[in-house]
Number of protein chains: 2
Amino acid sequence: MVEATGANTHTKRALEELRQRILSGAFPGGTRLFEVALAEDLQVSRTPVREAMSRLTEEGLLERARNGGFLVRSFDFADVLDAIELRGVLEGTAARLAAERGVTEARMKDFREIVRRLDTCFGAGPEDVDFDGYAELNGQYHLALAALPGSATLEREIARATRLPFASPSAFLPDRRQLSAFRRSLGLAQDQHHQILQAIVRREGARAEALAREHACAARRNVEYIFANDIDVAQAVPALALVGQGSRPED
Amino acid sequence: MVEATGANTHTKRALEELRQRILSGAFPGGTRLFEVALAEDLQVSRTPVREAMSRLTEEGLLERARNGGFLVRSFDFADVLDAIELRGVLEGTAARLAAERGVTEARMKDFREIVRRLDTCFGAGPEDVDFDGYAELNGQYHLALAALPGSATLEREIARATRLPFASPSAFLPDRRQLSAFRRSLGLAQDQHHQILQAIVRREGARAEALAREHACAARRNVEYIFANDIDVAQAVPALALVGQGSRPED
DNA sequence: AATCGACAAATTGCATACATATGGCGGCTT
DNA sequence: AAGCCGCCATATGTATGCAATTTGTCGATT
């Protein structure tokens, strides 16, 4: 009711508003959210606020406090890196299982088409990149990869593990404001997209897994670059708004 | 409030009763659960029933239906195998990261102690095994393994992925009613416990990962054994009560 | 037989009031 | 100064009634 039908319920409103606030970093990690205050603020009764907070717990943005109530989860730099590592492991598993078990014609056709369209995001010049198109198709690529082996269990787990902003495959893609060396990584990433496809087609499970893992490591490099260059994190990378400011790496 | 303090709330009661029913296979997969009927049945109001169902969704036993309400999730044989595969991958990752990153003294001491105590479950004769002790310590071993790298993200994800009964490391351990060939696998498993420890100590990440994955595959062998021998599943393996009866493998 | 519309029943969404539990603060004692 | 206790304010747990939505049934029409 809240989402599937698009019905405009109070719970849905509260859920979307709270999610947006959390994702924008409006609540420091560890903040306790109080039903009554939020109900007033959002102008609904406690019931939809509770429901919304319960759902945000499912989404991984809140956790339940020990004597009832909800806390905003806190994340640090290590969580970001581990989330990226985990995504690599899970997507690597999807690639391996796809290679080992085979892929249906329909899914392979879809996957190939996405890779082909990703190619069209690159023009003649090294700076000639359709960033928006790439970001959209990159998201599609990763969803399709997760679905390739036809395992609902794995697909579900990948969806869960990549739900938080900084865990998403699209979290650290460069855009037009960023340095060109940073942007050139897109071309390398697209090459990896191709290689993963090839490894799967050739039934090379270990290779597919290794490639997909390395592919996810690009996100780690991008994160490290951002922190190493003291870039204003919240400004440059919305995905990191959730991450505590005191948790930057020291090197 | 529901769990941390042990307070005896209606929500807690409803949660435990519904969980137990679901885990015992009382509701076929896909069954819709109705608030009003359950509230009457459990003799509480709708509010704690809703809360309990929301939590069971977090636990992975229910899913939200499209226009509100909740459905009991259904699982088939492939889900069992994929859950085992996923556990192997995640525990393998824990082993690898432990080897790569190192382990604190406290955690390593704890881990060694568990392995040592697992050894004491085996007596002089091949049939002389303390099954209950083994099962208890096996669970501890796997929890400790998940915690070794000191990554809250990974530990949390492993906990989630192993939450369902058939995904648990202890799901398919043999007990005293089962065949001796089946039981002998415990000795092999314990050898693997040792080898994983050794690989971590030696900083052999790839080896640790491969061993932990293979270790998880024992569960797959056990499942396949159960099905291949037409054993009454619900009777022999409570962990499989959740799995649909029409989804047995055909080979 | 299939489809559509109307209506009733059932279910979920929600608000509100009351009950219960928790946490913080102040005062007192050691 | 530290610890303990009591009190009160606040937050959560819960029940219940009403509103809104969804589902199912039945009859009419093609």
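Chain identifiers are assigned alphabetically (A, B, ...) following the order of the sequence lines, protein sequences preceding nucleic acid strands; residue numbering begins at 1 within each chain.
Two residues are said to be in side-chain contact when any heavy atoms from C-beta on lie closer than 4.5 Å; A:Phe34 and A:Arg32 meet this criterion. Taking the side chain as every heavy atom from C-beta outward, B:Leu42 and B:Glu17 approach each other to under 4.5 Å. Looking at heavy atoms from C-beta onward, B:Arg116 lies out of side-chain contact with B:Arg112 at the 4.5 angstrom threshold.
Contacts between residues 29-45 of chain A and DNA chain C, counted as heavy-atom distances below 4.0 Å, involve A:Val44, A:Ser45.
Atom-to-atom, CG of B:Asn67 to P of D:dA20 comes out at 18 Å; the value is rounded to the nearest Å. Protein atom CZ of B:Arg50 is 8 Å distant from nucleotide atom P of C:dC14, rounded to whole Å. Atom-to-atom, CZ of B:Arg66 to C1' of C:dT12 comes out at 15 Å; the value is rounded to the nearest Å. Between the CD atom of A:Glu51 and the P atom of C:dA15 there is a distance of 12 Å, given to the nearest Å. The CG-P distance, from B:Asn8 to C:dT22, rounds to 12 Å in whole Å. Atom NE2 in A:His10 sits roughly 11 Å away from atom C1' in D:dA19 (whole-Å rounding). Atom pair B:Leu71:CG and D:dT23:P shows a separation of 11 Å (rounding to whole Å applied).
For C:dT12, neither phosphate oxygen OP1 nor OP2 lies less than 4.0 angstrom from any side-chain nitrogen or oxygen of A:Thr9.
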Evaluate ring-ring contact (aromatic ring centres under 6.0 Å, His included) for B:Tyr141 paired with B:Phe111, printing each intermediate quantity in order. CA-CA 7 Å; B:Tyr141 178 92; B:Phe111 196 55; 4.8 Å; yes

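The closest donor-acceptor contact from the side chain of A:Arg220 to the backbone of A:Ile84 lies at 3.5 Å or more, if one exists at all.
The rotation axes computed at either terminus of the helix from C:dA1-D:dT30 to C:dT30-D:dA1 lie 30° apart, taking five pairs at each end and rounding to 10 degrees.
Residues forming a side-chain hydrogen bond (donor to acceptor under 3.5 Å, both in side chains) with B:His10 (at least two apart in sequence, or on another chain): none. In this structure B:Ser151 satisfies the side-chain contact (heavy atoms from CB on, under 4.5 Å) test together with A:Asp82, B:Arg101, B:Thr153, B:Leu154, sequence neighbours excluded. With sequence neighbours excluded, the residues forming a side-chain contact (heavy atoms from CB on, under 4.5 Å) with A:Phe27 are A:Arg21, A:Ile22, A:Thr31, A:Leu33, A:Val72, listed by chain and number. In this structure A:Arg64 satisfies the side-chain hydrogen bond (donor to acceptor under 3.5 Å, both in side chains) test together with A:Ser54, B:Glu51, B:Glu58, sequence neighbours excluded.
Donor-acceptor pairing under 3.5 Å, judged by distance alone, is present between the side chain of B:Arg46 and the base of C:dG13.
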